[in-house]
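Each chain gets a letter, A, B and so on, in the order the sequences are listed, and its residues count up from 1.
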Amino acid sequence: MRKSWQRTHTCGELRRSHVGANVTLNGWVHARRDHGGIYFLDLRDRYGLTQVVIGEQLAATLKFGPEFVLSVRGKVNAREGAQVNSERPTGEVEVIAESIDVLSASPVPPIDISGATETALETRLKYRYIDLRRAQMQRNLEHRSRFINAMRRAFERQQFIEVETPILTKATPEGARDYLVPSRVHPGEFYALPQSPQIFKQILMVAGLDRYFQVARCFRDEDLRADRQPEFTQLDMEMSFVEEEDVFAAWEQVLVETFRDALGVELSVPFPRMRWEEAMERYGVDKPDLRFGLELKAVDTWARSCDFQVFRGALESGGRVMGLVVPAQHGLSRKDITDLETVAKGLGAKGLAWWKAGEAGGAGPLAKFCATPEAARSLMQALGAAEGDTCLFMADRKSLARKVLGELRNQLGRKLGLIPKEQRWAFTWVTHFPLFEWDEDAQRYFSAHHPFTAPEDWSLGGAMAGGSPDLGALSSRAYDLVLNGWELGSGSVRIHRADVQQKIFSLLGIGPEDQKRKFGFFVDALAFGAPPHAGFALGLDRTSALTLGLDNIRDVIAFPKTASATDLMCDAPSTVDPSQLAEVHVTTVVPKA
RNA sequence: GGGGACGUAGCUCAAUCGGUUAGAGUACCGGCCUGUCACGCCGGUGGUUGCGGGUUCGAGUCCCGUCGUCCUCGCCA
């Protein structure tokens, strides 16, 4: 028998075949059951729980509490009949303790590790080292590890090579707010943490690496959400001499292999493809949840011949009239409709018209415009609605009508239980996003994806030849991968021509001087023989969460931040010593409260 | 930056219309118990009701401010 405290087995390992063996287990005190003459202890480590039996005499010499760390030496004993715990893999055996060393003590933990009560997130984040002891959290992190490693293997099978890119890099004027790092050596100058390895991976293509991937940490100084952290991890990739379908095929293969290896799930490929315009028109969002129908319906044509002033007004000012049909079987009540209208107004809608379909005119605000059977029938036909269905209408700017109905569709999908449990993995590629988006506040166009995205039309609607096309109408070769209504990642075919890249910068209002200063190195690189290339990046936090059925990515991140971007465990961010600031030539100006 | 919810024992929660000594479950401590496995039974410790101010005879409860957490809109190329 070993003399040291070091374990011979883990707490999840012992089985009937080990009966009679002398073993040493190390682990945490999970639960204690003191019966006076006999004492039971559940010892826990990452691998499981093992029951330790302690005799009266030995128990009397020991002093320990929950979450103490012990080394238990003893003999494996078979449990028979009612003593077997069929709930546990180790339930057919127990360890009869011969000696026990206390390796480490603990106060009463502020978190219930057994999972009997759900501890407040604030406490879990402050004492993350205890929270992470919970089986659920260990399972989450193990799952994430398995998933990422399966993905790595799948990329390597396709000849991709993993390359690391800098964390200290150059600030980018477009896109999200940068996290800045002051330079000690260059007073007054700053590095930025990468929002993504975008430029580096494109340069790796120029460098002839052909197929790159990386598990890449990305940083964006923007406000958080349940599915957004200021630093997050992407499976980033880029390929040369390819177009959209090659990227899709590479990823579909990777995802098939990854889901098979890590989850035992067989995905059906190819995933459907859908143009952005189609997604917006049918689902009102650019990340449609395809697990249920309830599609948006255009009723502009019907509305044009209707006397309803709200509808006519919207159409006359260039807007749209769109509808959503909730089948009669769901029995939407007046209160339900009022609640939906509240949601709609919260999103900026002026109101929500509704109609209970009926050939005799139906009911609701629209009933009087459907008073004749012809009018009622034509509206039902335009909507694909049947007698008794509840129809909801938005008449507004195209973008707002889609956004509101898209949100109502998602809420109704959940509320009415339209999402079938068996249909778990509804992937889709959304393609051909707009190239530019108009920003009202800045009074200029911004790249909808990023400024390195190839246009669908390399002539840029004539802009390359000096024309002035409607930039808002240009389509791009950007695409997203969507799963169950979540955006899992995005990518694009890139611009590999220096002249087109320069034109895009100019159209974005970045003058020649700024282009040279901020992106000169990159345009230079494109000029030196850049292959056509395209790529994609998958959000690993979201994908890990979604594949575990979680709706908050904090549960798949070991040390996540709060909604105000703080780390409650180590109390970051924090002030620093003035001498440290002086060293990096920084003075701070803190606004008065 | 805006909106909403929340903050009471180590943990999860309760406390009626503003009313007496702020309770329960669980955990912890002590006692009893040789087959439990969220052991059981008996007893006990444990509170700056986030913090500051105000109204009131009286505030966990009402008002103002502030801090923190969560969700969300804006934002996130």
Strand partner of [N], provided both Watson-Crick or wobble distances fall under 3.5 Å:
{"N": "B:U55", "answer": "none"}
{"N": "B:C17", "answer": "none"}
{"N": "B:G40", "answer": "B:C32"}
{"N": "B:A22", "answer": "none"}
{"N": "B:C70", "answer": "B:G4"}
{"N": "B:G46", "answer": "none"}

When all nucleic acid strands are considered with a 4.0 Å heavy-atom cut-off, which category describes [X]: base, sugar-phosphate, or nothing?
{"X": "A:Ala448", "result": "sugar-phosphate"}
{"X": "A:Leu568", "result": "sugar-phosphate"}
{"X": "A:Ser196", "result": "base"}
{"X": "A:Pro110", "result": "sugar-phosphate"}
{"X": "A:Val84", "result": "base"}
{"X": "A:Arg177", "result": "nothing"}
{"X": "A:Lys345", "result": "nothing"}
{"X": "A:Pro173", "result": "nothing"}
{"X": "A:Ser564", "result": "sugar-phosphate"}
{"X": "A:Asn552", "result": "sugar-phosphate"}

Is the shortest side-chain heavy-atom distance between [X] and [Y] below 4.5 Å?
{"X": "A:Arg133", "Y": "A:Trp28", "value": "yes"}
{"X": "A:Phe232", "Y": "A:Phe219", "value": "no"}
{"X": "A:Leu412", "Y": "A:Leu324", "value": "yes"}

Can you check the distance between B:G65 and B:U55, where both ends of the measurement are the C1' atom (answer in whole Å)?
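Roughly 15 Å separates the two C1' atoms.
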
Using the C1' atom as the reference point in each nucleotide, state the distance between B:G23 and B:G46 in Å, no decimals.
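Each nucleotide's C1' atom is 13 Å from the other's.
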
Answer yes or no: is there an ion pair linking A:Asp336 with A:Lys415, defined by an N-O contact shorter than 4.0 Å?
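Looking at A:Asp336 and A:Lys415, the cut-off is met.
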
What nucleotide among [options] has an atom nearest to a side-chain atom of [X]?
{"X": "A:Ala120", "options": "B:C28, B:U12, B:G35", "value": "B:U12"}
{"X": "A:Val108", "options": "B:C75, B:C28, B:C33", "value": "B:C28"}
{"X": "A:Arg228", "options": "B:U34, B:C76, B:U69", "value": "B:C76"}
{"X": "A:Asp42", "options": "B:G68, B:G1, B:C37", "value": "B:C37"}
{"X": "A:Arg225", "options": "B:U36, B:A38, B:C75", "value": "B:C75"}
{"X": "A:Ala31", "options": "B:C39, B:U36, B:C73", "value": "B:C39"}
{"X": "A:Ala563", "options": "B:C37, B:G74, B:C71", "value": "B:C71"}
{"X": "A:Arg220", "options": "B:C76, B:U69, B:G35", "value": "B:C76"}
{"X": "A:Thr119", "options": "B:G35, B:C75, B:C11", "value": "B:C11"}
{"X": "A:Asp223", "options": "B:G1, B:C28, B:C71", "value": "B:G1"}

Considering only heavy atoms and no angle criterion, is a donor-acceptor pair shorter than 3.5 Å present between the side chain of [X] and the base of [N]?
{"X": "A:Glu94", "N": "B:G35", "answer": "yes"}
{"X": "A:Arg124", "N": "B:C11", "answer": "no"}
{"X": "A:Asp112", "N": "B:C11", "answer": "no"}
{"X": "A:Glu56", "N": "B:U34", "answer": "no"}

Please collect all salt bridge (charged side-chain N to carboxylate O under 4.0 Å, His left out) contacts where either partner lies in residues 171-181 of chain A, sequence neighbours excluded, each pair once.
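Every salt bridge (charged side-chain N to carboxylate O under 4.0 Å, His left out) pair that includes a residue of residues 171-181 of chain A, provided the two are not neighbours, is A:Glu174-A:Arg444, A:Arg177-A:Glu222.
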
Below the 4.0 Å mark, does B:C39 have OP1 or OP2 next to a side-chain nitrogen or oxygen of A:Arg32?
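Checking B:C39 against A:Arg32, no side-chain N or O comes under 4.0 Å of OP1 or OP2.
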
side-chain N/O A:Arg33 vs B:C39 OP1/OP2, d < 4.0 Å
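Result: yes.
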
Parallel, tilted or perpendicular, as decided by the 30° and 60° cut-offs, for the rings of A:Phe519 and A:Phe505:
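Ring orientation of A:Phe505 relative to A:Phe519: parallel.
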
Heavy-atom nearest nucleotide on RNA chain B for A:Glu118 versus A:Asn77: which residue maps closer to 5'?
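The answer here is A:Glu118.
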
Closest-nucleotide 5' rank along RNA chain B - winner of A:Gln198 and A:Gln83:
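The residue whose closest nucleotide sits nearer the 5' end is A:Gln83.
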
Pair A:Arg494-A:Ser492, side-chain donor/acceptor within less than 3.5 Å
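Note: A:Arg494 and A:Ser492 side chains meet the donor-acceptor criterion.
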
So, for A:Trp429 and A:Phe536, is the gap between ring centers shorter than 6.0 Å?
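Yes, close enough.
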
Between the base of B:U36 and the ring of A:His35 - centre-to-centre under 5.5 Å, planes within under 30° - is that a stack?
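Here A:His35 fails the 5.5 Å or the 30° condition.
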
